[in-house]
There are 2 protein chains.
Amino acid sequence: MDQVQPSSELERQRFAAVGRALADPKRLCVLECLARGEQSVGDLSAQVGCQVPNMSQHLAVLRSAGLVTSRREGTTIYYRLADPRVLEAYQLIQTFAR
Amino acid sequence: MDQVQPSSELERQRFAAVGRALADPKRLCVLECLARGEQSVGDLSAQVGCQVPNMSQHLAVLRSAGLVTSRREGTTIYYRLADPRVLEAYQLIQTFAR
DNA sequence: CACCTTGTTGCGCAACTGCGCAAGTGTTGA
DNA sequence: TCAACACTTGCGCAGTTGCGCAACAAGGTG
């Protein structure tokens, strides 16, 4: 269970993309917001405290790393966590980040 | 257990520092190497395939994020993972990184 | 002491990031 | 068809990052 299998360079690039997605306080704030459930872009930008275009860009980073997915309903787009393990990983990081 | 408590801006900056440390393929490679045990800077730079100064800078990023610690023995400095949860988090990320 | 080995630090540069702002896309309703 | 709303995309700029290279620091050895 503690076995660590080496990754290929290509795999590590995908993992690093997840790291980059987690590398910004505002994006982490988005994850915390989405932990409470689905949210629209406007809602998220208000809670995080940034402009809508900026939030859209942050969401694009999270989406391309596969951490969130979106769903359209009329003109509104709702984002949610793509996988519960995303939150698990974030919470695990919180336990040892000094 | 699925409760998500909001973090302060300052806390999120520390968590984001961990994210940044995980945001580079070479640094992830270092973590994989260190999963097999303590390693010197020279050993790591050889395995990762970069120059020693470059490795030293990557290790500084990992160290300032609290992911690794070092120990000096003569002129050689050995690095190791600071906490087993670091590896746990990395492995967890690997499970959902698409 | 001089000299070697092992790491770290400083510097300059190309590449990337986060941001604000303006413009564009797409969906709804009058 | 036109206007309004919700979001995305393009662009430019300041700040950051990763890298190679040279210089420096620290320990060990003769």
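Just the heavy atoms: all of them, side chains too, but no hydrogens, waters or symmetry mates, feed the values below. Proteins come first, then strands; the chains are lettered A, B, ... in the order of their sequence lines, and each starts at number 1. Remember, it's a predicted structure, so these values are computed and weren't measured experimentally.
- Atom CD1 of residue I77(B) and atom CD of residue Q39(B) lie 14.5 Å apart, to the nearest 0.5 angstrom.
- Taking atom CD of Q51(B) as the reference point, atom P of dC11(C) lies 19 Å away to the nearest angstrom.
- Put simply, CZ on R20(A) is 10 Å from C1' on dT17(C), counting in whole angstrom units.
- A donor-acceptor contact closer than 3.5 angstrom links the side chains of R63(B) and Y79(B).
- Checking dA22(D), dC7(D), dT8(D) against every side-chain atom of P53(A), the shortest atom distance belongs to dT8(D).
- Atom P of nucleotide dG18(D) and atom NE2 of H58(B) are separated by 6 Å, given to the nearest angstrom.
- Comparing dC19(C), dG18(D), dG20(C) by their closest approach to the side chain of K26(A) singles out dC19(C).
- For dT8(C), one of the phosphate oxygens OP1 or OP2 lies less than 4.0 angstrom from a side-chain nitrogen or oxygen of S56(B).
- For the pair A23(B) and Y78(A), nearest-nucleotide mapping onto DNA chain D gives the more 5' position to Y78(A).
- Between the CD1 atom of I77(A) and the C1' atom of dT27(C) there is a distance of 10 Å, rounded to whole Å.
- A salt bridge links R85(A) with D83(A): at least one charged nitrogen is closer than 4.0 Å to a carboxylate oxygen.
- V41(B) comes within contact range of the sugar-phosphate backbone alone, with a heavy-atom separation under 4.0 Å but no base atom that close.
- The side chain of T75(B) has dT6(C) as its nearest neighbour among dT6(C), dT8(C), dT27(C).
- In the model, Q47(A) has a side-chain atom that pairs as donor or acceptor with a side-chain atom of R36(A) under 3.5 Å.
- The separation between M55(A) atom CE and dC21(C) atom C1' is 17 Å, rounded to whole Å.
- Taking atom CD of Q57(A) as the reference point, atom P of dT17(C) lies 12 Å away to the nearest angstrom.
- For dA26(D), neither phosphate oxygen OP1 nor OP2 lies less than 4.0 angstrom from any side-chain nitrogen or oxygen of R72(B).
- L34(B) places a side-chain heavy atom less than 4.5 Å from the side chain of V30(B).
- Across the protein-nucleic acid pair, L62(B) atom CG and dT17(D) atom P stand 14 Å apart, rounded to whole Å.
- Residues E73(A) and R63(B) both approach DNA chain C. Their nearest nucleotides, taken by heavy-atom distance, put R63(B) toward the 5′ side.
- As a whole-Å value, the separation of N54(B) CG from dA23(D) P is 19 Å.
- Contact annotation: Y79(A) does not reach the phosphate of dA6(D) (side-chain N/O to OP1 or OP2, under 4.0 Å).
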